[in-house]
Number of protein chains: 2
Amino acid sequence: MAVARQDQFNSMDYSDPMVNRILDAAEQCIHRFGIRRTALGEVARVGKLSRGSIYRYFDDKAALVQGVFWRRQEFYLNQTEAALVKLPTLVDKVTHSVVSGRKDMAQGIFASLAETEPETVAMMFLESKFYQRSVSFWPPHVRLAQEAGEISEAVDVAVATDFIMRLAVSLVTFPDMGLSLKSRKGIRAYLDQVITRGLG
Amino acid sequence: MAVARQDQFNSMDYSDPMVNRILDAAEQCIHRFGIRRTALGEVARVGKLSRGSIYRYFDDKAALVQGVFWRRQEFYLNQTEAALVKLPTLVDKVTHSVVSGRKDMAQGIFASLAETEPETVAMMFLESKFYQRSVSFWPPHVRLAQEAGEISEAVDVAVATDFIMRLAVSLVTFPDMGLSLKSRKGIRAYLDQVITRGLG
DNA sequence: AAATGTACAAAAAATGATTATTGTTCATTG
DNA sequence: CAATGAACAATAATCATTTTTTGTACATTT
């Protein structure tokens, strides 16, 4: 079993420089060639390390690829979270998440992989596992909004979190579902309606 | 240009028996072999017609495949719509759409294609075009709910339709987004909360 | 007229031989 | 002891070749 084993409960050690060197090289290769066309020998060459070391830290190529995307997602999530804490309302927070979520998906490794291997990206986006980490960021924001009286205390935090995640994922994935929601202003007005008032 | 040409405005003529014979054969082949492994010669053999006739009605293989899925979606949609008109509230209607939507996607051609060519199904599900036809069914139900006082008249019909579609698509695609929403009862309670009351 | 069936070149897929990569092991290095 | 690099069988990718399929045209049949 590899050292940097990662599962849903035990996340990777991003403080280990070796792990980061491997992931840096792997991300660079995936970014340039796509997943299918990156050989671990190439990753080793780019990272100036041995292929044996890669296998010491990751079970196999699939685990390495997953590690690359998890770290990248973690980075985006932390960046977004840092912006969220400065925003006053839950609606502002979800709006920001949607706008920056779209930006993140249109950049870097996600965007380049969407060009070379769109089916792979599509499969990732349809795995609910992909959103697990994001889900865990919302409950504190929901509770703050409840304490501030923005949303009702009667609503279960898990229900509110699920609802917010569904809205955010849907709006990032589909800019248009009948309505075209492209501008920050339009997204904010829409979210204000459906989150704070619903349709009732 | 083929006879049964189909675009977003001009839908296919499902009353033409030739069109249906071709689509029946094509659906049967796709169901059994997947898209990649169905040759139009095989479709012709199964449908007991000539390959020339297929090209008379469909521009190319891609158009035929699209035709198969559009007809199947149209069938499911009409079936669902027939059930919806009997339901009293908008919440009941969305609940039913989610439950039957999940059933439809777990059956027949969608389910079999998801086994043999999951990436193709994933790509379909992420095209917002895939949901266009479904979107057009909702505005009358939204207006009825407004007239009945279930939801506010102040909310724009397009906004409400978009919101309902996003909820339905999300719930069909992801049974679990933090909350596990599997039972009809659970789905209904959730939708009742977020549609009629929101989080406010 | 509509459907068929044949012919045909271009494109795509199956095939099989060849080469590269993966995943494992272990002796060697720093 | 972590990292390296080499050896190795098993697996997967690549490539040139053969075969099938596609898409078009048109003469023939119903």
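Just so we're on the same page: letters track the sequence lines, and every chain starts at 1. Worth knowing before you read on, the calculation uses all heavy atoms, side chains too, and leaves out hydrogens, waters and symmetry mates.
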Open item on the list: Using 30° and 60° as the class boundaries, would you call the ring planes of B:Y76 and B:F110 parallel, tilted or perpendicular?
Closed with: tilted
- [ ] Compare side-chain N and O positions of A:Y57 against OP1 and OP2 of D:dA2 and report whether any pair is under 4.0 Å apart.
- [x] no
Open item on the list: Any donor-acceptor pair under 3.5 Å linking the side-chain atoms of A:H141 with those of A:Q146?
Closed with: no
Open item on the list: Has A:R21 got a side-chain atom pairing as donor or acceptor with A:G47's backbone, closer than 3.5 angstrom?
Closed with: yes
- [ ] Kindly point out which of C:dA3, D:dA3, D:dA13 is positioned nearest to the side chain of A:R56?
- [x] D:dA3
- [ ] Establish, with yes or no, whether the OP1 or OP2 oxygen of D:dT4 is under 4.0 angstrom from a side-chain nitrogen or oxygen of A:S50.
- [x] yes
TODO: Take the C1' atoms of the five end pairs on each side of the helix from C:dA1-D:dT30 to C:dG30-D:dC1, derive the two axes, and give their angle rounded to 10 degrees.
DONE: 50°
Open item on the list: Using 30° and 60° as the class boundaries, would you call the ring planes of B:F163 and A:F163 parallel, tilted or perpendicular?
Closed with: perpendicular
TODO: Could you state the atom-to-atom distance from CD1 of B:I54 to P of D:dT21 in whole Å?
DONE: 13 Å
Task: Nearest-0.5 Å distance that lies between atom CZ in A:F130 and atom CE in A:M123 - done: 13.5 Å
Task: Check: A:K182 side chain, A:I187 main-chain N or O, donor-acceptor pair, under 3.5 Å - done: no
Task: Which residue lies more 5' along DNA chain D, comparing A:R37 with A:L49 via nearest heavy atoms - done: A:L49
TODO: Classify every nucleotide of nucleotides 19-26 of chain C by which part a protein heavy atom approaches to under 4.0 Å, writing B for the base, S for the sugar-phosphate alone and - for neither, in 5'-to-3' order.
DONE: --SBBB--
- [ ] Specify the separation, in whole Å, of atom CG of A:D16 and atom C1' of D:dA3.
- [x] 12 Å
Task: B:T95 and B:R188 side chains, donor-acceptor separation under 3.5 Å - done: no
Task: Flag, side chain of B:R102 to backbone of B:L171, donor-acceptor distance under 3.5 Å - done: yes
